[in-house]
Undergrad: 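Take this structure, written in structure tokens, and hold onto it; I'll ask about it next.
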Amino acid sequence: VYVVRDFEFLEPTSVHDASAMLAEYGDECRIIAGGTALVLALRQRMVNPTHLISIGQIERARGITYDKKVGLRIGALTLHAEVAASPVIRKGYPMLADMAARVADPQVRNQGTIGGNLCYADPATDPPSSLMANDARLVLASKRGERILTIEEFLVDYYTTALEPDEIVTEIQVPPVNYTVGRHVRHLRTAAEHRPMINVAVTVKQNGRQCDDVRLVVGATTPVPARVKTGEDFLRGKAVTVDVAAEAAQIVATSIRPISDMRGSESYRRRVVATVVRRTICEMFGLEPS
Ligand SMILES: Cc1cc2nc3c(=O)[nH]c(=O)nc-3n(C[C@H](O)[C@H](O)[C@H](O)COP(=O)(O)OP(=O)(O)OC[C@H]3O[C@@H](n4cnc5c(N)ncnc54)[C@H](O)[C@@H]3O)c2cc1C
């Protein structure tokens, strides 16, 4: 039987108050946003806080705005379903809307937040890869002020972020799009699983079949998602053909360091990554993969 320990439920209305509570209760407290990840951890007694600090009343962490110069700002409390449905994101960043529409299942998409997803730093997730391919940044706020980190700087390791104990994530910033086309492709081990075993996020600046620039990220199959610069360097400046896509895919698959677990061995994961990358590049350049 799963029994959650008793806890106090706190509802600060400002970053300052939330940060002061985090500083006061330290390891004894946890932030809660949508609760989709945290409640499972509470039920399994992986964490046993005496205080839960709900950030749902903090206005600073809400809303979606877009400006041509600064780009997109997504409040950390934004639900996956809201990212998927946002007209601004669907129009300007269709890759992000498509990705969010496929996260988990309808229940999780309507309860889980994008900030909670990033802060939990579970490797088998989608937004980090897509946001990295879009050069996104996170705003970390505390009563000491704000700082901005890239996703690369923020995600340190398995379930480990660069958040200081008194900080919360308030916002995700995505610069204006400087690519022609972007894709986020998830590979599920079985259709019944919700979480990706592998994902690949690619943004490309194209001139016909010519690849002028590219950002290529592999996630969910490595402890943290990462750009694969060897693959990017190979593709940049090339006229892309089916053979070039296949060679790039091999380079990517051999450059990453996949985990090996019951969902897939390291070598299997490399083979799937190679296949997904090859097909994705072909599709983005209007080529028929062999
Ligand atoms: C069945 C299932 C399937 C899933 N499938 C997928 C999938 O396919 N793809 C995918 O990407 N994800 C998937 N997920 C993960 C899901 O996206 C996350 O659980 C969700 O986004 C977490 O958000 P939340 O608001 O519920 O976070 P919470 O559970 O409230 O919090 C998660 C963690 O982050 C901390 N936290 C939350 N918000 C902040 C903040 N703003 N600042 C600082 N710390 C914060 C909390 O303290 C806690 O440690 C799945 C989850 C489940 C349960």
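Just so you know, ligand 1 is whichever comes first in the structure, and atom 1 is the first atom listed for that ligand. Remember, it's a predicted structure, so these values are computed and weren't measured experimentally. Heavy atoms only: backbone and side chains are in, while hydrogens, waters and symmetry mates are out.
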Undergrad: So is there a nitrogen or oxygen of Ala76 less than 3.5 Å from a nitrogen or oxygen in ligand 1?
TA: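 Such a contact does not occur with ligand 1.
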Undergrad: N/O to N/O below 3.5 Å, does that happen between Ala33 and ligand 1?
TA: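 Ala33 vs ligand 1: N/O contact under 3.5 Å present.
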Undergrad: Above 12 or not: heavy atoms from other molecules or residues under 6.0 Å from CG of Asp27?
TA: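 Counting other residues, nucleotides and ligands, CG of Asp27 stays at 12 neighbours or fewer.
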Undergrad: Going by the atom numbers of ligand 1, which of them fall below 4.0 Å from some non-hydrogen atom of Gly34?
TA: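 Selected atoms, number and element: 24 (P), 25 (O), 26 (O), 30 (O).
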Undergrad: Do the rings of Tyr25 and His51 sit parallel, tilted or perpendicular, given the 30° and 60° boundaries?
TA: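 Tyr25 vs His51 ring planes: parallel.
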Undergrad: Which residue and non-hydrogen atom of the protein lie closest to atom 42 (N) of ligand 1, and at what distance in Å?
TA: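 Its nearest protein heavy-atom neighbour is Val169 N, 2.9 Å.
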Undergrad: Just checking, is any N or O donor in the side chain of Tyr158 or Asp122 under 3.5 Å from an acceptor N or O on the other one?
TA: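 Their side chains do not contain a donor-acceptor pair, so the 3.5 Å distance test is not met.
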Undergrad: Taking side-chain contact (heavy atoms from CB on, under 4.5 Å) as the definition, give me every residue that meets it alongside Ser260, ordered by chain and number, with sequence neighbours left out.
TA: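 side-chain contact (heavy atoms from CB on, under 4.5 Å) list for Ser260, sorted by chain: Ser265, Glu266.
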Undergrad: Measure Ile114 to ligand 1 on non-hydrogen atoms and call it side chain, backbone, both or neither using the 4.0 Å cut-off.
TA: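 Contact part for Ile114 vs ligand 1: neither.
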Undergrad: Starting from atom 26 (O) of ligand 1, which protein heavy atom do you reach first, and at what distance in Å?
TA: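 Going by distance alone, atom 26 (O) of ligand 1 is nearest to Thr36 OG1, 2.6 Å.
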Undergrad: Flag Ala124 as yes when one of its N or O atoms lies below 3.5 Å from any N or O atom of ligand 1, and as no otherwise.
TA: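 Not met; the criterion fails.
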Undergrad: Could you pull out, from Leu118, Val108, Thr78, Asp126, the option with a heavy atom nearest to atom 11 (O) of ligand 1?
TA: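 Selected option, by shortest heavy-atom distance: Asp126.
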Undergrad: With a cut-off of 4.0 Å, which atoms of ligand 1 are near a heavy atom of Pro127?
TA: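 Once the distances to Pro127 are compared, the set is 11 (O).
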Undergrad: Relative to atom 51 (C) of ligand 1, which among Arg102, Arg195, Glu167 owns the nearest non-hydrogen atom?
TA: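 Comparing heavy atoms across Arg102, Arg195, Glu167, the nearest one to atom 51 (C) of ligand 1 lies in Arg195.
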Undergrad: Scan side-chain atoms only and decide if Thr150 and Glu153 contain a donor-acceptor pair under the 3.5 Å cut-off.
TA: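 Short answer, yes.
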Undergrad: Looking at Arg263, I want to see if its CZ is surrounded by more than 12 non-hydrogen atoms of other residues, nucleotides or ligands under 6.0 Å.
TA: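 Atom CZ in Arg263 is crowded, with more than 12 foreign heavy atoms closer than 6.0 Å.
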Undergrad: Measuring from atom OG1 of Thr170 to atom CD of Gln173, what distance do you get when rounded to the nearest 0.5 angstrom?
TA: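 So the OG1 of Thr170 and the CD of Gln173 are separated by 8.0 Å.
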Undergrad: For the 3.5 Å polar cut-off, considering only N or O atoms, please tell me whether His194 and ligand 1 meet it.
TA: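 Such a contact does occur with ligand 1.
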Undergrad: Looking at ligand 1, does Gly35 have a heavy atom less than 4.0 Å from it?
TA: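 Yes, Gly35 has a heavy atom closer than 4.0 Å to ligand 1.
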Undergrad: List the residues meeting salt bridge (charged side-chain N to carboxylate O under 4.0 Å, His left out) with Glu164, not counting sequence neighbours, and say none if there are none.
TA: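 Glu164 satisfies salt bridge (charged side-chain N to carboxylate O under 4.0 Å, His left out) with no other residue.
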Undergrad: Specify the protein heavy atom at minimum distance from atom 49 (O) of ligand 1: its residue, its atom name, and the distance to 0.1 Å.
TA: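 Sorting protein heavy atoms by distance from atom 49 (O) of ligand 1 puts Tyr120 CD1, 3.8 Å first.
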Undergrad: Hey, quick one: are Val218 and Ile281 part of the same hydrophobic cluster, counting side-chain heavy atoms closer than 4.5 Å, chains of contacts allowed?
TA: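 Yes.
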Undergrad: How far is atom 48 (C) of ligand 1 from the closest protein heavy atom, and which atom is that?
TA: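 It is Ile31 O, 3.9 Å.
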Undergrad: Report yes if Arg186 has an N/O atom closer than 3.5 Å to an N/O atom of ligand 1; otherwise report no.
TA: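 Looking only at distances, the answer is yes, because the N/O contact criterion of under 3.5 Å is met.
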Undergrad: Examine the proximity of ligand 1 to Asp122 and report which part, side chain or backbone, both or neither, has a heavy atom under 4.0 Å away.
TA: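 Asp122 to ligand 1: no contact under 4.0 Å from either part.
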Undergrad: Does one side chain, of His184 or Asp126, offer a donor that lies under 3.5 Å from an acceptor on the other?
TA: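 Asp126 and His184 do have a side-chain donor-acceptor pair below 3.5 Å.
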Undergrad: Are any of the N/O atoms on His80, whether in the backbone or the side chain, positioned under 3.5 angstrom from an N/O atom of ligand 1?
TA: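 N/O-N/O distance under 3.5 Å: yes.
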Undergrad: Distance to 0.1 Å, residue and atom name: give those for the protein heavy atom nearest to atom 29 (O) of ligand 1.
TA: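 Protein heavy atom at minimum distance: Leu38 N, 2.7 Å.
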Undergrad: Just which atoms of ligand 1 are under 4.0 Å from any heavy atom in Pro196?
TA: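 The list of qualifying atoms is 7 (C), 8 (O), 9 (N).
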Undergrad: Looking at non-hydrogen atoms alone, which of Gly116, Ala104, Ala100 comes nearest to atom 5 (N) of ligand 1?
TA: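 Looking at heavy atoms only, Ala104 sits closest to atom 5 (N) of ligand 1.
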Undergrad: Check contact between Arg109 and ligand 1, using heavy atoms of the residue and a distance below 4.0 angstrom.
TA: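 It does not; every heavy atom stays at 4.0 Å or beyond.
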Undergrad: Heavy-atom count check: over 12 atoms from other residues, nucleotides or ligands less than 6.0 Å from Arg271 CZ?
TA: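 Result for CZ/Arg271: open.
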Undergrad: Can you confirm whether more than 12 heavy atoms, excluding those of Arg102, are under 6.0 Å from its CZ atom?
TA: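 Yes, enclosed.
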Undergrad: Is there a continuous path of hydrophobic side-chain contacts, each under 4.5 Å between heavy atoms, that joins Val276 to Ile259?
TA: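 In one cluster: no.
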Undergrad: Should the heavy atoms of other residues, nucleotides or ligands under 6.0 Å from CZ of Arg147 be counted, would the total exceed 12?
TA: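 Result for CZ/Arg147: enclosed.
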Undergrad: Got an N/O contact under 3.5 Å between Cys119 and ligand 1?
TA: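 Such a contact does not occur with ligand 1.
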Undergrad: Report, in ascending order of atom number, the atoms of ligand 1 lying under 4.0 Å from any heavy atom of Leu163.
TA: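 Once the distances to Leu163 are compared, the set is 43 (C).
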Undergrad: So if I count the atoms of ligand 1 from 1 in the order they appear, which ones are less than 4.0 Å from some heavy atom of Ile32?
TA: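 Close to Ile32: 30 (O).
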